[in-house]
Every structure is written in C-alpha cells, then in structure tokens.
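All remarks here apply to the structure that follows.
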Amino acid sequence: IQVRNAGDTVMQQITFQPGGHSGWHSHPGPAVVLVASGELTFYDGDDESCTGRTFAAGQALIDPGQGHVHFAANQGQTPTVVWVTYFDVPPGTGGAGVRIDAPAPGNCPF
C-alpha cells in the first residue's frame with residue numbers, strides 16, 4: 001500500500017493477490033476506486049442476494065462512504081492493482097483514517 005495525503009483527501013495504491021480481499025469495511029467519506037490492472041469484485045453489505053459486481057482494468061466505481069459497508073475481492077488468477085482516492089478523511093489520520101472495519105452484515109457466506 002502506498003499512501004499520499006493532501007489535506008482531507010488520501011490516495012492509496014492497493015494490490016490484491018489472487019484470492020485476496022479487503023474484509024468488510026466502510027469509509028468516512030466517498031471513495032473513488034480505479035482498477036489499474038486485473039479485476040476486482042465488489043459486494044455491497046445491503047445487497048440481500050450477495051451479487052458481486054466485477055470491475056476490469058480501466059473501470060472505476062464510486063463508494064458513497066458514510067458507513068456504506070462493502071467487501072472487495074480478487075477472484076481472478078493474477079494480481080489486481082487499484083488506485084483509491086478517499087475524501088473527507090479525518091484531519092491528521094492520513095492512511096489510517098480511510099478505513100473503518102465492520103462486522104460481516106450476514107448477507108454473504110464470507
């Protein structure tokens with residue numbers, strides 16, 4: 001993970017190895033995720049069907065933050081690299097303030 005901080009905005013480069021995942025979490029503010037290589041499957045904590053949405057290299061998604069619980073996973077065979085820009089990060093927290101761990105919401109088997 002690489003972290004770059006500019007005020008209340010933080011950017012990270014994250015690499016997910018095959019089978020790797022983020023665990024259930026949320027963010028204090030919105031987050032924009034750009035898939036640089038590989039594929040990332042995103043699961044919403046409020047989706048009763050636990051249907052993942054897969055994003056390929058060059059695609060992006062926006063997480064609304066504000067307590068929106070989600071899970072991201074690399075279900076492919078090659079590493080996935082993403083760049084994430086987080087907004088409304090609490091002042092002085094840097095990379096530590098971008099993530100809020102959350103319990104599994106119970107809609108998915110993981």
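It should be emphasised that the depicted structure is a prediction, and the values quoted were computed from it without experimental measurement. Any value given below was found using the heavy atoms of this structure, including those in side chains, with hydrogens, waters and symmetry copies removed.
- Y43 and F71 have perpendicular rings, their planes meeting at more than 60° on a 0 to 90° scale where under 30° would count as parallel.
- A continuous path of ILVMFWY side-chain contacts below 4.5 Å connects V98 to F42, so both sit in one hydrophobic cluster.
- Summarising the geometry, atom OG belonging to S22 is positioned 7.5 Å from atom CG belonging to L40; distances are rounded to the nearest 0.5 Å.
- I14 and L61 end up in the same hydrophobic cluster when Ile, Leu, Val, Met, Phe, Trp and Tyr side chains are linked at under 4.5 Å.
- Across T93, D8, I100, a single residue satisfies side-chain contact (heavy atoms from CB on, under 4.5 Å) together with P28, and that is I100.
- A side-chain donor-acceptor contact under 3.5 Å links T41 and Q75.
- Between atom OG1 of residue T80 and atom CZ of residue F55 there is a gap of 13.0 Å, rounded to the nearest 0.5 Å.
- In this structure, N74 contributes its side chain and T15 its backbone to no donor-acceptor pair below 3.5 Å.
- Atom-to-atom distance recorded for M11:CE and Y86:OH is 10.5 Å, nearest 0.5 angstrom.
- By the 4.5 Å heavy-atom criterion applied to side chains, F16 and V81 are not counted as neighbours.
- When all heavy atoms are compared, the tightest approach of V35 to G38 is CG1-O, 3.5 Å.
- Atom CG of D63 is separated from atom NE2 of H68 by 5.5 Å, given to the nearest 0.5 angstrom.
- By the criterion of side-chain heavy atoms lying less than 4.5 angstrom apart, applied directly or through intervening Ile, Leu, Val, Met, Phe, Trp or Tyr residues, V69 is grouped together with F110 in one hydrophobic cluster.
- Residues T54 and Q59 fail the side-chain proximity criterion, which asks for heavy atoms closer than 4.5 Å.
- Side chains of H27 and Q66 form no contact here, defined as non-hydrogen atoms less than 4.5 Å apart.
- For the residue pair G76 and P18, the shortest heavy atom distance occurs at O-CB, 3.4 Å.
- Within the 3.5 Å criterion, the main-chain N or O of H70 finds no donor-acceptor partner in the side chain of D44.
- Taken to the nearest 0.5 Å, the CG atom of D88 stands 7.5 Å off from the OG1 atom of T9.
- Taking both residues in full, the closest heavy atoms of A36 and A57 are given as O-CB, 3.7 Å, listed atom of the first, atom of the second, then distance.
- Atom OG1 of T85 sits about 8.5 Å away from atom CG of L34, to the nearest 0.5 Å.
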